[in-house]
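Please read the structure below before turning to the comments.
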Amino acid sequence: MSDIEALKAEKATLIAEMLDMQKQFIDHEHSNGISGKDYYYSQDGLLKDYREVYMQKAMRVVELSHQIVGSTA
């Protein structure tokens, strides 16, 4: 596997994980509702680290995209 193929595979994996996170979030919201307090300050369950983990994955996808096309951010 070439370096570019490995980067593309990592990017695809991260995107799939992010989509799964979004689905879980939407399902949780529809079942239980989510207050602003829960979204920003939850200390347990799905929302505990949701925003931070999602943002880290999203930023890595951006980095990978730049590496794949050879540009700099």
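Residue V69 is not grouped with residue M59 when hydrophobic side chains (ILVMFWY) are merged at heavy-atom distances under 4.5 angstrom, including chains of intermediate members. Linking Ile, Leu, Val, Met, Phe, Trp and Tyr residues whenever their side-chain heavy atoms come within less than 4.5 Å leaves L46 and M55 in two separate clusters.
With sequence neighbours excluded, the residues forming a side chain to side chain donor-acceptor pair (under 3.5 Å) with D20 are Q24, listed by chain and number. For R60, the side chain to side chain donor-acceptor pair (under 3.5 Å) partners are E10, E63, not counting sequence neighbours. Under the side-chain contact (heavy atoms from CB on, under 4.5 Å) criterion, S35 pairs with K37, D38, not counting sequence neighbours. Residues forming a side-chain contact (heavy atoms from CB on, under 4.5 Å) with M18 (at least two apart in sequence, or on another chain): Y54, K57, A58, V61. Taking D49 as the reference, nothing meets the salt bridge (charged side-chain N to carboxylate O under 4.0 Å, His left out) condition, with sequence neighbours excluded. S65 meets the side chain to side chain donor-acceptor pair (under 3.5 Å) test with K11; sequence neighbours excluded. Taking E52 as the reference, Q56 meet the side chain to side chain donor-acceptor pair (under 3.5 Å) condition, with sequence neighbours excluded.
Here the OG-NZ distance, from S2 to K8, works out to 7.5 Å after rounding to the nearest 0.5 Å. Distance check: I34 CD1 to L47 CG gives 4.5 Å after rounding to the nearest 0.5 Å. For the atom pair CD1 (I26) and CE (M21), the distance works out to 12.0 Å, reported to the nearest 0.5 Å.
The ring pair (Phe, Tyr, Trp, His ring centres under 6.0 Å) contacts involving residues 3-29 comprise F25-Y39, F25-Y50, where partners must be two or more places apart or lie in separate chains.
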